[in-house]
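Data first, discussion second: the structure below is written as structure tokens.
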2 protein chains.
Amino acid sequence: MTIRSGDALPSGPFELGHRSLQAGLREWVRDQTGHPVGYLEQLYTFADRGRTGENIDGRTISISYLGLVREQPAPGAGRPEWHGWYEYFPWEDHRKGRPDILADIANRLQDWADTEPARHEYRQRRIDFAFGLHGAAWNEDLALQRYELMYEAGLVTEAGYPSERGFGRSMFADHRRILATGIARLRAKIKYRPVVFELMPEKFTLLQLQRTVEALAGLTLHKPNFRRLIDQQELIEETGETTAETGGRPAKLFRYRHAILEERALSGSKFPLSRN
Amino acid sequence: MTIRSGDALPSGPFELGHRSLQAGLREWVRDQTGHPVGYLEQLYTFADRGRTGENIDGRTISISYLGLVREQPAPGAGRPEWHGWYEYFPWEDHRKGRPDILADIANRLQDWADTEPARHEYRQRRIDFAFGLHGAAWNEDLALQRYELMYEAGLVTEAGYPSERGFGRSMFADHRRILATGIARLRAKIKYRPVVFELMPEKFTLLQLQRTVEALAGLTLHKPNFRRLIDQQELIEETGETTAETGGRPAKLFRYRHAILEERALSGSKFPLSRN
DNA sequence: AGCCATAATACTCACTTTGAGTATAAAAGG
DNA sequence: CCTTTTATACTCAAAGTGAGTATTATGGCT
């Protein structure tokens, strides 16, 4: 959810009037977009000198957050601007197979690695690992590493250069890097916390849920196994209703079981415990 | 690793002279403790009003970091002060079974939940979940949630009250909360990233490695299965040497395989992928 | 010299969890 | 009534885990 026609993320100054950072943030977002934020989580704080190119004296401290907002018929007076994030990161969408653009990117990165013999091996390993080349598998969680590599290699531009100059659409200042941070965090998080439901309507079908997860992960999932996974977790329950709007056999509608307590640990210890 | 005899964490002001936050931080820590920090990761940024009780106008922004330091014979002029973190959080150490202190804590929390009928059920669920009561299992990752609950219920004190007033040793300002945040983060992290090795000497035995993980997690692990796990990951290799210093049959010494690239993903996708 | 406590290391085995499919059911549209 | 489309239900082998038992080296005691 953007402002300025997709050129920037909602943002604002920290003011003393607010109880807390989070409270202030919720207020700006509502003002700037007309939508209330649900889930909110701190991402990263930047305070490095000359970070944006605007504020060279280095006094700016930016505290970024990941927020999840349900895409609903605008409740307030706002006019939110929704943009799919693959507009900014076309190489991250693997739902229709490996995007062609990755071949170009890999070539340009290869050139960059080759230009400096001293760091060649190190760069090569980072590239192969992040982009799933030379035997490594694609890992959707590495969105930030990929962006940072491309940034180092000069393949992406920030701060409103014409988009022809690099891959994907750019954003104001370092907003695109912040977005990459958020994507990486969210992709990692949906694997062990039920945050997807923050993005779902009250009632939904299993395929809608799967499509949402796929959109976030940029991958296609195996339907039967996805379903098995979901009902092992016991996070959802049938409403009893069905919908025929999906075409084909009518699908059961489900709802999220809030009773389960937001903070529930799904992972389990993952350590080889001893009993004692 | 503390300063002020265990009353505070290393900390300092952000100065413009530093290239970055991290660079500044490394400098303070070295100055204050005489030890260089290895791994460093941002934890959380606090900017809430009246957070410490010192700086009531709310202008203070604190950016906290998790750092890992090898416990070595002090290389510089410093005199680092090592304190086991269970001094501050005695209820977090389950290596010798469930600590007795948890019974007291549970009682006090129960009283707190009972005092307010309106929020009773919500509090009850949080308590049971965080402390592994009424059927829930103990989850070592919830160290921060536990501290926050105890803080809300008034069972822990900050900012130098005599330690008799609460459970565990307290620290300056909100340093103990920051420590709880770090513990929680580290406990979660060692499960999917090989950060433990930042704390190990160059050469170590498998049991030493296990004891380190156990100290961090506050749990005892199943020896044969821990070993199996470790060599599945292929993170370490034999040095060829053995040591008899451990008592009993001499143990092989191992070293961490740095070649494996720090950022390596161990988890694997964890999604039910479809091939295409 | 021989035994025993202590670790280290090596196997075993049932049980669960996954990856990858196939099979059947219920609609809409021609 | 047949075909297309989506939903839902099973199956089965392979891999991974939890929980143990068995064997091998040491140093220290008697």
Side-chain angles (χ1 to χ4, degrees), chain A residues 95 137-140 191-192 200 203-214 217 219-255 265-276, chain B residues 95 137-140 191-192 200 203-214 217 219-255 265-276:
Chain A
R95 285 174 295 178
W138 176 262
N139 182 338
E140 74 283 356
K191 289 187 202 108
Y192 61 97
M200 302 302 295
K203 298 169 186 176
F204 50 85
T205 70
L206 289 175
L207 189 57
Q208 284 163 355
L209 181 64
Q210 183 180 340
R211 292 292 178 240
T212 305
V213 173
E214 289 175 339
L219 295 169
T220 49
L221 306 183
H222 186 273
K223 188 145 83 170
N225 291 350
F226 177 77
R227 280 151 180 269
R228 177 172 62 189
L229 186 73
I230 292 299
D231 67 44
Q232 273 170 1
Q233 328 239 97
E234 301 189 300
L235 292 171
I236 62 176
E237 61 193 2
E238 300 185 15
T239 64
E241 302 156 90
T242 60
T243 176
E245 286 168 22
T246 54
R249 173 173 169 177
K252 289 180 189 163
L253 286 171
F254 293 82
R255 83 166 67 84
L266 293 168
S267 47
S269 198
K270 223 201 144 190
F271 277 133
L273 293 178
S274 77
R275 42 170 72 267
N276 78 329
Chain B
R95 284 175 296 178
W138 176 262
N139 182 339
E140 74 282 357
K191 287 184 203 112
Y192 61 96
M200 302 302 295
K203 298 168 184 176
F204 50 85
T205 71
L206 288 175
L207 190 58
Q208 284 164 354
L209 182 64
Q210 182 180 341
R211 292 291 179 242
T212 305
V213 172
E214 288 175 338
L219 294 170
T220 49
L221 306 184
H222 186 273
K223 187 145 81 170
N225 291 349
F226 177 77
R227 282 151 178 269
R228 179 172 61 188
L229 186 73
I230 292 299
D231 65 43
Q232 274 169 2
Q233 328 238 97
E234 301 189 299
L235 291 171
I236 63 177
E237 61 193 3
E238 299 186 14
T239 64
E241 301 158 90
T242 61
T243 178
E245 287 168 22
T246 54
R249 171 173 171 178
K252 289 180 189 162
L253 287 172
F254 293 82
R255 84 167 66 85
L266 294 168
S267 47
S269 197
K270 224 200 143 189
F271 276 134
L273 292 179
S274 75
R275 45 169 72 269
N276 81 326

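So that the names make sense, note that chain A is the first sequence line, chain B the second, and so on, each numbered from 1. The shown structure was predicted, so the numbers you read here are calculated from the model rather than taken from an experiment.
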Output one letter per nucleotide in nucleotides 6-19 of chain C: B when a protein non-hydrogen atom lies under 4.0 Å from the base, S when only the sugar-phosphate is that close, - when neither is. BBBBBB------BB
How many angstroms lie between CG in B:Leu206 and CG in B:Leu253, if you round to the nearest 0.5 Å? 9.5 Å
To the nearest 0.5 Å, what is the distance between CD1 on B:Ile236 and CG on B:Leu209? 6.0 Å
With sequence neighbours left out, write down each residue that passes side-chain contact (heavy atoms from CB on, under 4.5 Å) with B:Glu238, or none if nothing qualifies. B:Lys252, B:Phe254
Of all heavy-atom pairs linking A:Leu219 and A:Glu140, the shortest is CD1-OE1, 3.4 Å
Could you state the CZ-C1' distance from B:Phe226 to D:dG18, rounded to the nearest angstrom? 16 Å
Between C1' of D:dA19 and CG of B:Leu221, the distance in whole Å: 14 Å
Enumerate the salt bridge (Lys or Arg N to Asp or Glu O under 4.0 Å) contacts for residues 219-228 of chain B, please, sequence neighbours excluded, ordered by first and then second residue. none
Grab the stems for DNA chain C, please: at least three consecutive Watson-Crick or wobble pairs, both distances below 3.5 Å, written as range with range. C:1-30 with D:1-30
Under the side chain to side chain donor-acceptor pair (under 3.5 Å) rule, collect the residues that match up with [X], sequence neighbours excluded.
X: B:Thr239; result: B:Glu241
X: A:Arg211; result: A:Glu214
X: B:Glu237; result: B:Arg255

